[in-house]
Each structure stands twice: as structure tokens, then as C-alpha cells.
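All of these numbers come straight from a predicted model, not from anything done at the bench. Excluded from the calculations below are hydrogen atoms, water molecules and symmetry mates; all remaining heavy atoms, backbone and side chain alike, are included. Position 1 is the first residue of the sequence; numbering continues from there.
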Amino acid sequence: MSDLSTLPLFLFSPLAIIGAGLLLSQMFGVLLHRRGMPRLYGAVAAGLILGVSGFGLVDTALLTYFQELLNAASALVLFEAGRKMDLAWLWRSRAQGLALVLGCVLRGACTVALLVPFGLAWSEAAFIASILVAINPVVFTSMVSDHEATGVATYAAANAVGLSHLVALLALSVSLSWLRSHGVTDEPPFADQLALQGGKLLLGAAIALLCYGVYKLASGVSRAQASVRPGILLATLMLDLGLCSVTSSSALLSLLLMGVLLRNAEKRENVFQAQLKTMQDIGYALLFMTAAALVQMEQVLHWPILPMALLVFGARIAMTRLALVPGYAWSARKKHAIALSACSLVSFSTLVVDSSISNGAYLSGTATGLMGALLALNVLVAPAITWAGLHFAGETHKGSER
């Protein structure tokens, strides 16, 4: 008899494996949170145990079954990142708003300056730098939610998350076009690639406006109370994501704009946080568990990739702190806290929310290894650094009591 027959039946069910991962994430998260540690590390532990560095039950092949589910979880995360952007505050504050934009520029420029001497081509360095402009909304929002963080540093960092995604998306459109037109594959010239990427952005923005109009119409026709509007909103977000998927448009821009419109175009206060919190927490755990599952520990320990990854990771924090110097409204302590809270980074697939796009065919082995090491570091240390930044600001629930 085959040895496979002795294995538990649930091991053959992809849904059961994901369910087991989420169960472990929640259990570990609650236990860690009771001891004052970030709940998100429960998802890290579950991912490492079940992923490619552990039992190998959760891998890229299995996650393809759940691409739509992962995209739906990303939709909630990106919408929330957009909903935290206060355009009126960014405009009024001027110096503070410009400091956050400068942080995006410096993170990208510093990454290019470090990677080119490391041996990467200019196109590869620019592509990776575009990705590293963005701050991971899962890490930041999860830490803020866990510790009930509120205050000027948290508010600024929340705006920085959404702003960094918009800047990263624009930079990525240019760098991806450059990388594809100068790659080893037979791709159209740079101008054609740039026009294609620009078209995806415009179409994504148009879908956001359309879906926001649908949401307003549905809420108005049904005269929905605040308590039932989250259901209409979730349906509209799924509609937005689906339309972006079938049209190959920019889902990230579209979902961010949905959040921005809801925050800045609505005249009344929107009461969504309490109703969406449980679904968002599950989405955070799912996305971070799957990210941890794909971490290959040998990439973290590979020489000389690890020192370079550590240097880039630390340089991003330093550049964010340097950019905050013109922000006269923040104290030095708050600026340190903002820089630490903005340490996390995103992956290419998270940034584009599009399973049809893969960066693997365009990057060298060194570049791919470096991104793998950076994402592993992000999973292992970014939650702790973000947590430390919020506590250093004294804006967590516990910090406020002190």
C-alpha cells in the first residue's frame, strides 16, 4: 500500500490546508498578543511551519487555487490604505505632506544607488527601487489595530502608507516598461510599454469612479443606514476588483482611489471600521501567513545577499527619517517613530494585485535572490520594528497610559 494512504485526508484538500494555517495563525496570534508581542507573528509562525521552509504544505502551486481569495483580501487592505489618506491635511500641512513625498523619492533613489554598485543593471535596480518605495499596509495597519495606536505620528505614517503606494505605482509603471523593453524577452519598445502601463492606470481610475458612483447610487436608492452600508461597500469593492481583473487594469490604483474617494468626497462621517475589522484582521492573517509560507530561509542566510539586503532595509529607514527633517510640526521623537513605523516593504505581486504579471522573467538571479531575502527580512523583523516605532511615539493604548 502506498505511504500516501496513511496521511490524513485533510492534507489533500487545499482549502483545509489554508484553514489550518489560519487556525494556527489565530491561535499563535492570541497567545503572543497576551504576552505583549505583535499578533501578526502568529501568522509568521504558521506560515513558516506549513510553508516551504517547514512541512511544505503551503507553496506557490497551492496558492494559485486561492488567487481570487488573496486578491479579495488585498482589496480590503488597499481600500483601507486609501481610506486613511487625508488629502485636505496633506495639502494644508504643506511641509509635512512634502516630507512624506520626499521620503518616497529618497527611498527609491537610495535603493538604486546601492544596487547598481552591487552588480545589478540600471533597469533592474530601478524596478526593485520602485517596489521598495511602498510601505506594507498589512504590517502597519495590523500593528495600529492591535495596539489601538492614535496620534500625530500614527496619523502621518498612515497617510505615508497610501501616498507611498501611489508614488510606487507611478514609478513602477515607468520602471517595468523600461525593464521589459530592455530585457532578454522579445517585448515592444519602451514607448509602447509605457503607453500600455499608462492605459492600465487610467482604466483603473475610471473603474474606481464608476464603482464609487454605483456605491453612492445603491446607498441612495436603498436609503441604507450606516450599519448596513459596509455590506454594500464590500459588494462594490468585489465589483471593482473583478472589473479590474477582466480588463487587466490597475487594481491597486482603483482600490486605493475607492478608499480615497470614500474618505475625502463624502461629506458625512463613514462608520465602517467596526463592521469591517473582523474581516480585515482575517485578511491580514491570510496575506501575511501566505507571505511567510513562501519564505526560503536559505535565502536569508546566503552570502553576500544577506548583508546587501540588511543594508537596503536599513537605508530605507534612514532615508525616511532624513526626509522628515522639513516637517517642523513633528518633534524629533515623533520623526524617529514615523521612520521606524514605515520600515516595512511590499512584494511585486502585492503591489500590482495581478496574477497575470510576473517579474521572474525579467530579473537576474542576483536580483531575484535579493528580493527574496528582503521579503524574508520583512516577514521576520518588520512587524517588530513597526511595533517598536508606535510604542516609541507613545501613541499606543499602553504608551498613552504611561
Checking side-chain contact (heavy atoms from CB on, under 4.5 Å) for the pair Met258/Thr236: CA distance, chi angles, key distance, verdict? CA-CA 9 Å; Met258 278 291 290; Thr236 309; 3.9 Å; yes
Sub-3.5 Å donor-acceptor pair from the side chain of Gln296 to the main-chain atoms of Gly372, do we have one? no
Under 3.5 Å donor-acceptor pairs involving side-chain atoms of residues 315-325, not counting sequence neighbours:
from, atom 1, to, atom 2, distance (Å)
Arg316, NE, Leu132, O, 2.8
Arg316, NH1, Cys343, O, 2.6
Arg316, NH2, Leu132, O, 2.9
Arg316, NH2, Ala134, O, 3.1
Arg316, NH2, Ser344, O, 3.3
Thr320, OG1, Arg107, NH1, 3.0
Thr320, OG1, Arg316, O, 2.9
Arg321, NE, His336, ND1, 2.8

Mark yes or no for whether Thr290, through its side chain, and Leu287, through its backbone, hold a donor-acceptor pair below 3.5 Å. yes
Only counting residues at least two apart or in another chain, list the ones meeting side-chain contact (heavy atoms from CB on, under 4.5 Å) with Val174. Phe190, Leu194
side-chain contact (heavy atoms from CB on, under 4.5 Å) between Thr111 and Leu115: does it pass, once the steps are laid out? CA-CA 6 Å; Thr111 301; Leu115 295 185; 3.6 Å; yes
For Trp178 and Gln193, what are the C-alpha separation, side-chain angles and deciding distance, and is it a side-chain contact (heavy atoms from CB on, under 4.5 Å)? CA-CA 8 Å; Trp178 185 17; Gln193 290 280 0; over 6 Å; no
Look up atom CG in Leu114 and atom CG in Leu120, then write down how far apart they are to the nearest 0.5 Å. 11.0 Å
List the residues meeting side-chain contact (heavy atoms from CB on, under 4.5 Å) with Ile207, not counting sequence neighbours, and say none if there are none. Leu203, Cys211, Asp240, Leu243, Cys244, Thr247, Ser249, Ser254
Could you go through Tyr215 and Leu262, starting from their C-alpha distance and side-chain angles, then the distance that decides it, and tell me whether this counts as side-chain contact (heavy atoms from CB on, under 4.5 Å)? CA-CA 10 Å; Tyr215 163 74; Leu262 196 70; 3.6 Å; yes
Just so I know, are the side chains of Ile131 and Met371 near enough to count as touching, which here means a heavy-atom distance under 4.5 Å? yes
Mind listing the closest non-hydrogen atom pair of Leu48 and Ala292 along with its distance? CD2-O, 3.7 Å
Heavy atoms only: give me the nearest Ala337-Ala393 pair and the separation to one decimal. CB-CB, 3.4 Å
Using a 3.5 Å distance criterion without hydrogens, assess whether the side chain of Ser222 forms a donor-acceptor pair with backbone atoms of Ala218. yes
Provide the closest heavy-atom pair for Pro326 versus Ala95 in the form atom of the first, atom of the second, distance. O-CB, 3.7 Å
Which residues pass the side-chain hydrogen bond (donor to acceptor under 3.5 Å, both in side chains) test with Lys334, sequence neighbours left out? Glu395
Does the Ser142 side chain pair with the main chain of Val139, one donor and one acceptor, at a distance under 3.5 Å? no
Return the NZ to CG distance between Lys335 and Leu340, rounded to the nearest 0.5 Å. 14.5 Å
For Gly162 and Leu256, work out which heavy atoms get closest and say how close. O-CD1, 4.4 Å
Rounded to the nearest 0.5 Å, how far does CG of Leu311 lie from CG of Leu306? 11.0 Å
Does any non-hydrogen side-chain atom of Val346 lie less than 4.5 Å from one of Pro137? yes
Under the 3.5 angstrom rule, does the side chain of Asn264 hit a backbone N or O of Met85 as a donor-acceptor pair? yes
Separation of Glu80 CD from Leu237 CG (nearest 0.5 Å): 10.5 Å
Smallest heavy-atom separation, Ser173 atom then Leu201 atom, equals OG-CD1, 3.5 Å
What residues form a side-chain contact (heavy atoms from CB on, under 4.5 Å) with Val144, not counting sequence neighbours? Phe140, Ala149, Thr154, Leu390
Give every residue pair that meets the ring pair (Phe, Tyr, Trp, His ring centres under 6.0 Å) criterion with at least one member in residues 87-126, sequence neighbours excluded. Trp89-Tyr155
Can you confirm whether Leu252 sits close enough to His165 that some side-chain heavy atom of one is under 4.5 Å from a side-chain heavy atom of the other? yes
So, does Ser145 use its side chain to make a donor-acceptor pair with the main chain of Thr141 at under 3.5 Å? no
Is a side-chain donor-acceptor pair under 3.5 Å present for Thr396 with Glu148? no
In chain order, what residues pass the side-chain contact (heavy atoms from CB on, under 4.5 Å) check against Leu202, with sequence neighbours excluded? none
Name every donor-acceptor pair, under 3.5 Å, that has one atom in a side chain of residues 55-64 and the other anywhere in the protein, sequence neighbours excluded.
from, atom 1, to, atom 2, distance (Å)
Asp59, OD1, Ala61, N, 3.4
Asp59, OD1, Leu62, N, 2.9
Thr64, OG1, Ala61, O, 2.5

Determine the minimum heavy-atom distance between Gln197 and Ser177, stating which atoms define it. CG-OG, 3.3 Å
Whether Arg39 side chain and Asp146 backbone form a donor-acceptor pair below 3.5 Å: no
Rounded to the nearest 0.5 Å, how far apart are CG of Asp86 and CZ of Arg263? 4.5 Å
Using residues 374-387 as the side-chain source, report each donor-acceptor pair under 3.5 Å to any protein atom, sequence neighbours left out, with the distance given to one decimal.
from, atom 1, to, atom 2, distance (Å)
Asn378, OD1, Leu345, N, 2.8
Asn378, ND2, Leu345, O, 3.2
Thr386, OG1, Ala382, O, 2.9
Trp387, NE1, His147, NE2, 3.0
Trp387, NE1, His391, NE2, 3.1

Compile the donor-acceptor pairs under 3.5 Å between side chains in residues 15-32 and protein atoms, sequence neighbours left out, one pair per line.
from, atom 1, to, atom 2, distance (Å)
Ser25, OG, Gly21, O, 2.8

Donor-acceptor contact present, side-chain Ser53 to main-chain Val295, <3.5 Å: yes
Between CG of Leu255 and CZ of Phe79, what distance do you get to the nearest 0.5 Å? 9.5 Å
